[in-house]
Structure formats: structure tokens, C-alpha cells
Number of protein chains: 2
Amino acid sequence: MRKGLVEYCILSILARKEAYPSDILAELKEADMIVVEGTLYPLLIRDKNQGLLAYRWVESTQGPPRKYYYLTEKGREALAEMDSAWADMVRSIETLKNRQ
Amino acid sequence: MRKGLVEYCILSILARKEAYPSDILAELKEADMIVVEGTLYPLLIRDKNQGLLAYRWVESTQGPPRKYYYLTEKGREALAEMDSAWADMVRSIETLKNRQ
DNA sequence: ATTTAATACCTTGTTCAACAAAGTACTAAA
DNA sequence: TTTAGTACTTTGTTGAACAAGGTATTAAAT
């Protein structure tokens, strides 16, 4: 019911611009959301296999080439549903909290 | 990181008034948060064993006696931390979403 | 050339919240 | 003394997230 928040965050990040894993981890960290590599990589692979994400190789001047991930159309649709589910969840909590 | 939202909801409900499981399920449902018995009962027992909740038996006119659960002082402290964690999470999502 | 350090990516095994699908026990009315 | 309704419990499963490793590539240092 409320699993997949990390996935939601990652799709949200990639909705703005393509990024490679270290970029994503850095953005999550800036938002005070600590996620480790062992969580991120399998998640990216899973979403790629489901057709939500795709990637392209990009050469780096400071090391090995990087996998830049970006949202597919299917990924944007999935994100739209997650936006809705997240809004529902926030509303649910508010409902519970504001009840007298 | 973001597990335990059901637990958060239940403690929030019990922070207002004591309740027995069916009451809790009804309140969750009103807030559009579907939780099943198989989730609720073990969770109540777990939190009771951790000292966050306690219960008292109350006779019912329509069936067997009920376990009315209520928050302990330790439970209120735990809830305060969850309030903070939830606020952090909402803030994190907003941060990610509002970035240009 | 060869080692070292940094970067990038990947894998295996574990944990535990939540769920599914049962079951048991008690109460009251038929 | 069944039947139906309510209340509570248990066992097994799933899967997101984590912990703790590993391999591969690149560039700089030796």
C-alpha cells in the first residue's frame, strides 16, 4: 500500500532530467533521503526491465562511462499514478490527524 | 526508512482515544487506508510487547468482550518521533518535486 | 610498465512491514 | 443446540530496502 517511496523519488528526479546513479544519490541526499547503492541499482534495473526507464552510455572525463537513465513514456504514466497515490496518502494522514 | 506507516496511523488514532481493533479498522477505512486484520492484530501485539500500547478488556452487548487498546507514555514518545519522521518525509518529497 | 586510487556498476543474502488465508473462541438469537 | 455474528489469533508468503561484499574501467602516481 505504501511501499515504493524510493522508487517514487527516483522517478520524480528522472522526470526533470536524465541522470546516472551518483547524480540520483546526491539529489536524494540533498533532500535528506538516504539511499544506498545496494538499493538503487537493483531498483533501476527493475524499472528498466519493466519499461519505465531506459538508459544510454555517456563517456566521462573522470572515470568509466556512465549509464544515464531517463523516463520512458510508460515511466511518466507510472509516475503520474504515484503522484496521485502520494497525494492520497498525505490526505489520509491529514484526515486521521485532524479528526476530533 | 519509510516503513511503518500503518503503525503511525494506528498510534495516531489511539492518541485521541482508546479503541478496539474494529474501531481502528473503521477509522482507517474512513481515511481511505485499507488495512486487513492479518496486519492489524500482529501489529497491536507487537506494539504492546514493546510497551507502546496497553489494553483493557471491555464487555460488549453484541458479542465477545473486546480488547480496548490505548497509548502508554512510551507510546506517546514513539508517536512524537513518528510525527517528526513523517514531516521530514513530506518535506523531502516537496524538496525533490519543487527543484528546477 | 605496473601499481594505486577513484569512479562506476553489480550481486548475494537478510530483514521485516504488510498481506493472504486460514483458524479458534465467545456470545446471543433462532 | 444449531446458526450467525463478532472478536481475536496464527502461519506462511511477498517484496522493498538494506548490508556487505564484489568486479570493471579509467587515469594518475610510481
Side-chain angles (χ1 to χ4, degrees), chain A residues 1-12 18-29 31-50 52-69 78 82 85-86 89 92-93, chain B residues 1-12 18-29 31-50 52-69 78 81-82 85-86 88-89 92-93:
Chain A
M1 175 191 287
R2 37 210 146 271
K3 286 186 282 193
L5 264 189
V6 171
E7 183 180 29
Y8 178 44
C9 291
I10 289 168
L11 294 192
S12 294
E18 65 176 4
Y20 79 109
S22 290
D23 282 339
I24 297 172
L25 289 177
E27 278 221 47
L28 289 170
K29 194 176 180 184
D32 291 313
M33 204 148 225
I34 304 308
V35 174
V36 295
E37 282 191 329
T39 297
L40 182 59
Y41 280 100
L43 199 158
L44 290 172
I45 292 168
R46 195 186 79 208
D47 281 4
K48 186 207 55 149
N49 290 339
Q50 289 183 342
L52 307 184
L53 297 179
Y55 67 81
R56 64 188 184 93
W57 285 102
V58 175
E59 295 295 323
S60 166
T61 59
Q62 312 179 19
R66 303 162 173 174
K67 280 186 177 177
Y68 271 75
Y69 283 90
M82 290 181 197
W86 170 250
M89 217 163 85
S92 291
I93 298 286
Chain B
M1 174 191 289
R2 41 215 144 266
K3 285 186 284 193
L5 263 189
V6 171
E7 182 180 30
Y8 177 44
C9 290
I10 289 168
L11 294 192
S12 294
E18 65 176 5
Y20 79 108
S22 289
D23 282 338
I24 297 171
L25 289 176
E27 278 220 46
L28 289 170
K29 195 175 179 183
D32 292 312
M33 205 146 223
I34 305 307
V35 174
V36 296
E37 282 191 329
T39 297
L40 181 59
Y41 280 99
L43 199 158
L44 290 172
I45 291 168
R46 194 185 80 208
D47 281 3
K48 185 207 56 147
N49 290 339
Q50 289 182 343
L52 307 184
L53 298 177
Y55 67 81
R56 64 188 184 94
W57 285 102
V58 174
E59 296 295 324
S60 165
T61 59
Q62 313 178 18
R66 301 163 173 173
K67 280 187 177 176
Y68 272 74
Y69 283 89
E81 284 178 24
M82 291 181 196
W86 171 250
D88 287 346
M89 218 163 83
S92 290
I93 298 287

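The structure displayed is predicted, hence computed values, not measured ones. Quick note on labels: first sequence line is chain A, next is B, and so on, each numbered from 1.
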In this structure, how many angstroms lie between the [atom2] atom of [N] and the [atom1] atom of [X], rounded?
X: B:Asp23; N: D:dT6; atom1: CG; atom2: P; value: 13 Å
X: A:Arg66; N: D:dA27; atom1: CZ; atom2: P; value: 12 Å
X: A:Leu5; N: D:dA17; atom1: CG; atom2: P; value: 7 Å
X: B:Gln62; N: D:dA4; atom1: CD; atom2: P; value: 18 Å
X: B:Asn49; N: C:dA17; atom1: CG; atom2: P; value: 13 Å
X: A:Tyr69; N: C:dC9; atom1: OH; atom2: C1'; value: 9 Å
X: A:Leu43; N: D:dG15; atom1: CG; atom2: C1'; value: 12 Å
X: A:Glu37; N: D:dA24; atom1: CD; atom2: C1'; value: 14 Å

- Task: Nearest-nucleotide wise, let me know which of B:Ser22 and B:Gly38 is further upstream toward the 5' end of DNA chain D.
- Result: B:Ser22
- Query: Want to settle it: does A:Glu59 or B:Ile45 sit nearer the 5' end of DNA chain D, counting the closest nucleotide to each?
  - Reply: B:Ile45
Counting side-chain heavy atoms from C-beta on, which of [options] comes nearest to [X]?
X: B:Pro64; options: D:dG5, C:dT7, D:dA17; answer: D:dG5
X: A:Lys67; options: C:dC10, C:dC19, D:dA17; answer: C:dC10
X: B:Tyr20; options: D:dA7, C:dC9, D:dA17; answer: D:dA7
X: B:Pro65; options: D:dC8, C:dT27, D:dA19; answer: C:dT27
X: B:Val35; options: C:dC19, D:dC18, C:dC10; answer: C:dC19
X: B:Arg46; options: D:dT9, C:dC9, C:dA17; answer: C:dA17

- Note on the structure: Separation between OH (B:Tyr69) and CD1 (B:Ile45), nearest 0.5 Å, reads 5.5 Å
- Item | A:Arg56, A:Lys67, A:Arg66 screened by salt bridge (Lys or Arg N to Asp or Glu O under 4.0 Å) with A:Glu18, the one that passes | A:Arg56
- Query: Contact class for B:Pro42 vs. all strands (heavy atom < 4.0 Å): base, sugar-phosphate, or nothing?
  - Reply: base
- Item | Trace of the side-chain contact (heavy atoms from CB on, under 4.5 Å) decision for B:Val6 with B:Leu43 | CA-CA 9 Å; B:Val6 171; B:Leu43 199 158; 3.7 Å; yes
- Item | side-chain contact (heavy atoms from CB on, under 4.5 Å) between B:Trp86 and A:Ile93, worked out | CA-CA 9 Å; B:Trp86 171 250; A:Ile93 298 286; 3.6 Å; yes
- Query: Less than 6.0 Å separating the ring centroids of B:Tyr20 and B:Tyr68?
  - Reply: yes
- Message: Measuring to OP1 and OP2 of D:dG15, would you say a side-chain N or O of B:Lys3 lies under 4.0 angstrom away?
- Response: no
- Task: Check whether any side-chain nitrogen or oxygen of B:Tyr41 sits under 4.0 Å from OP1 or OP2 of D:dT10, and answer yes or no.
- Result: no
